[in-house]
> 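Here's a structure for you.
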Amino acid sequence: MATQYDHITERLREFVEAQHMFFVATAAPDGRVNVSPKGLDSLRVVGANRVVWLNGTGSGNETAAHLLRNPRMTLMFCSFDAKPLILRFYGTATAVHAGDQRWPEMLALFPAMRGARNAFDVHVELAQTSCGFGVPRYEYEGQRTLMDSWATNKGEEGLERYRRDRNALSIDGFPTGLPV
């Protein structure tokens with residue numbers, strides 16, 4: 001029942017834009033595999049084979065660390081409403097950090113995000129749908145506001161210190177490429 005596409009069709013783009021959450025998976029050649037849920041208004045389909053997503057400061061920075069060692073990334077979207085569907089984008093990605101030449105271009109795609117830490121530019125090589133019959137139904141109640149409050153309370157200096165202390169290395173000790 002899986003269907004594969006060599007690009008992001010209009011129907012797939014519309015499905016992605018309707019989702020409130022997605023999942024990111026990366027892995028270095030060694031160490032742990034990382035899967036992270038993402039929300040907020042943080043993902044854009046910007047071409048038939050290109051997706052960009054914005055990442056806020058958080059407890060870890062595994063994605064950036066993994067990409068320096070292995071650029072593969074999978075994004076997964078699940079429908080939790082009446083019509084079941086799972087969509088995965090398989091591809092390669094690069095991290096863009098504050099201070100990089102492309103940082104302003106990345107930020108311009110999104111509403112302001114306090115604590116924005118990096119963006120990921122994903123080249124989608126394969127899009128694949130599957131049925132999603134085993135995914136439960138949930139009702140969306142809204143985005144949490146805790147990340148914005150946390151970043152506001154930290155302030156820019158506090159965020160920089162936090163990223164330096166907690167986001168410069170992955171849990172496996174790999175550098176994340178974050179300018180600290």
Side-chain angles (χ1 to χ4, degrees), residues 7-8 13 16-17 19 21-77 88-127 143-144 146-180:
H7 68 284
I8 302 166
R13 184 188 62 76
V16 166
E17 290 175 352
Q19 303 315 302
M21 179 173 58
F22 63 100
F23 300 86
V24 177
T26 56
D30 52 345
R32 292 164 180 83
V33 173
N34 187 61
V35 179
S36 294
K38 302 295 177 184
L40 306 173
D41 186 9
S42 63
L43 185 134
R44 297 288 181 273
V45 175
V46 294
N49 292 92
R50 185 173 172 226
V51 173
V52 174
W53 62 275
L54 185 63
N55 197 25
T57 299
S59 56
N61 198 8
E62 303 307 298
T63 302
H66 288 172
L67 293 181
L68 288 175
R69 299 173 54 101
N70 183 342
R72 294 179 309 152
M73 179 181 286
T74 299
L75 302 176
M76 184 177 75
F77 308 86
R88 291 179 183 88
F89 291 157
Y90 299 95
T92 56
T94 56
V96 179
H97 305 288
D100 289 352
Q101 182 178 349
R102 295 179 58 214
W103 183 243
E105 169 196 346
M106 298 291 114
L107 283 183
L109 296 171
F110 303 96
M113 178 192 286
R114 282 188 188 91
R117 176 179 60 194
N118 36 32
F120 296 94
D121 194 345
V122 186
H123 172 72
V124 177
E125 298 157 0
L126 175 68
Q143 294 288 348
R144 298 178 195 271
L146 295 171
M147 189 168 145
D148 183 65
S149 299
W150 177 83
T152 298
N153 290 337
K154 283 271 184 209
E156 195 53 44
E157 286 182 22
L159 286 168
E160 288 175 16
R161 187 171 37 258
Y162 186 90
R163 289 189 286 258
R164 183 178 55 250
D165 294 345
R166 297 188 177 206
N167 292 166
L169 296 174
S170 75
I171 58 177
D172 291 313
F174 305 141
T176 65
L178 200 63
V180 290

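Just so you know, these numbers use all the heavy atoms, side chains as well, and skip hydrogens, waters and symmetry mates.
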> What is the distance from atom CE of M73 to atom CG of L67, rounded to the nearest 0.5 Å?
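So the gap between those two atoms works out to 4.5 Å.
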
> Set out, in order, the CA-CA distance, both residues' side-chain angles and the distance that settles side chain to side chain donor-acceptor pair (under 3.5 Å) for R117 and T57, then state yes or no.
CA-CA 5 Å; R117 176 179 60 194; T57 299; 5.2 Å; no

> Using ring centroids (six-membered ring only for Trp), state whether F23 and F77 fall under 6.0 Å.
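Judged by ring-centre distance (under 6.0 Å), F77 and F23 do not meet the cut-off.
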
> When you measure from the side chain of T176 to the backbone of N167, do you find a donor-acceptor pair of N or O atoms at a distance under 3.5 Å?
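It does hold such a pair.
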
> Check the pair L43, V16 against side chain to side chain contact (heavy atoms under 4.5 Å, CB included), reporting the backbone distance first and the verdict last.
CA-CA 9 Å; L43 185 134; V16 166; 3.4 Å; yes

> Decide if atom CZ of R166 counts as having more than 12 heavy atoms of other residues, nucleotides or ligands within a radius under 6.0 Å.
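Not buried by this count: 12 neighbours or fewer within 6.0 Å.
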
> Hey, could you give me the OG1/CE distance between T152 and M147, rounded to the nearest 0.5 Å?
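Output value for this atom pair is 10.5 Å.
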
> Show the numbers, then the answer: is there a side chain to side chain contact (heavy atoms under 4.5 Å, CB included) between N49 and E125?
CA-CA 7 Å; N49 292 92; E125 298 157 0; over 6 Å; no

> Could E62 and R69 be called an ion pair, given the rule that one side-chain N must be under 4.0 Å from one carboxylate O?
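Judged by the 4.0 Å cut-off on N to carboxylate O distance, E62 and R69 do not form a salt bridge.
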
> Should M113 and S42 be marked as a side chain to side chain contact (heavy atoms under 4.5 Å, CB included) after you check the CA-CA gap, both sets of side-chain angles, and the distance that decides it?
CA-CA 9 Å; M113 178 192 286; S42 63; 4.2 Å; yes

> Taking all non-hydrogen atoms of both residues into account, name the closest pair between R72 and T26 and its distance.
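Nearest heavy atoms, R72 then T26: O-CG2, 3.7 Å.
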
> Over all heavy atoms of both residues, which pair between A116 and L54 is shortest? Give the atoms and the distance, please.
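Distance-wise, the nearest heavy atoms are CB-CD1, 4.1 Å.
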
> For the residue pair L75 and V51, establish whether any side-chain heavy-atom pair is separated by less than 4.5 Å.
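Yes; the side chains approach each other to less than 4.5 Å.
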
> Okay, side chain of S170, backbone of A65: is any donor-acceptor separation there less than 3.5 Å?
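No; judged by distance alone, with no hydrogens or angles, the pair does not exist.
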
> Kindly write out the residues that satisfy side chain to side chain contact (heavy atoms under 4.5 Å, CB included) with K38, not counting sequence neighbours, or none if the list is empty.
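For K38, the residues satisfying side chain to side chain contact (heavy atoms under 4.5 Å, CB included) (neighbours in sequence not counted) are F22, V24, S36, W53, N55.
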
> So Y90 and V124, side chain to side chain contact (heavy atoms under 4.5 Å, CB included) or not? Walk me through it.
CA-CA 6 Å; Y90 299 95; V124 177; over 6 Å; no

> Output yes when E160 and R164 qualify as a salt bridge under the 4.0 Å nitrogen-oxygen rule, no when they do not.
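The answer is no: the pair does not qualify as a salt bridge.
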
> Determine the minimum heavy-atom distance between P179 and H97, stating which atoms define it.
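Of all heavy-atom pairs spanning P179 and H97, the closest is CD-CB, 3.5 Å.
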
> Does some side-chain heavy atom of L169 sit less than 4.5 Å from a side-chain heavy atom of F174?
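F174 vs L169: side chains apart.
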
> Determine the sole option in N61, D100, T63, V96 for which the side chain to side chain contact (heavy atoms under 4.5 Å, CB included) test with N118 is passed.
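So, applying the side chain to side chain contact (heavy atoms under 4.5 Å, CB included) to N118 and each of N61, D100, T63, V96, only N61 qualifies.
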
> Between H123 and T92 (side chain of the first, backbone of the second, donor and acceptor by atom type, cut-off under 3.5 Å), is there such a pair?
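Between the backbone of T92 and the side chain of H123 there is no qualifying donor-acceptor contact (under 3.5 Å).
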
> For residues L40 and Q143, report the shortest heavy-atom separation together with the two atoms involved.
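Smallest interatomic distance, heavy atoms only, reads N-OE1, 3.1 Å.
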
> What verdict does the salt bridge (Lys or Arg N to Asp or Glu O under 4.0 Å) test give for R163 and E156, after you've listed the backbone C-alpha separation in whole Å, the side-chain angles of each residue and the deciding distance to 0.1 Å?
CA-CA 11 Å; R163 289 189 286 258; E156 195 53 44; 3.2 Å; yes

> Can you tell me how far apart CE (M76) and CE (M21) are? Round to the nearest 0.5 Å.
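Output value for this atom pair is 8.5 Å.
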
> Show the nearest heavy-atom pair for residues Y162 and S59, with the distance to one decimal.
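Scanning both residues, the minimum pair turns out to be OH-CA, 3.4 Å.
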
> Sub-3.5 Å donor-acceptor pair from the side chain of D41 to the main-chain atoms of P111, do we have one?
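Absent.
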
> Minimum heavy-atom separation for G31 and D172, please, with both atom names.
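So the minimum-distance heavy-atom pair works out to CA-OD2, 3.5 Å.
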
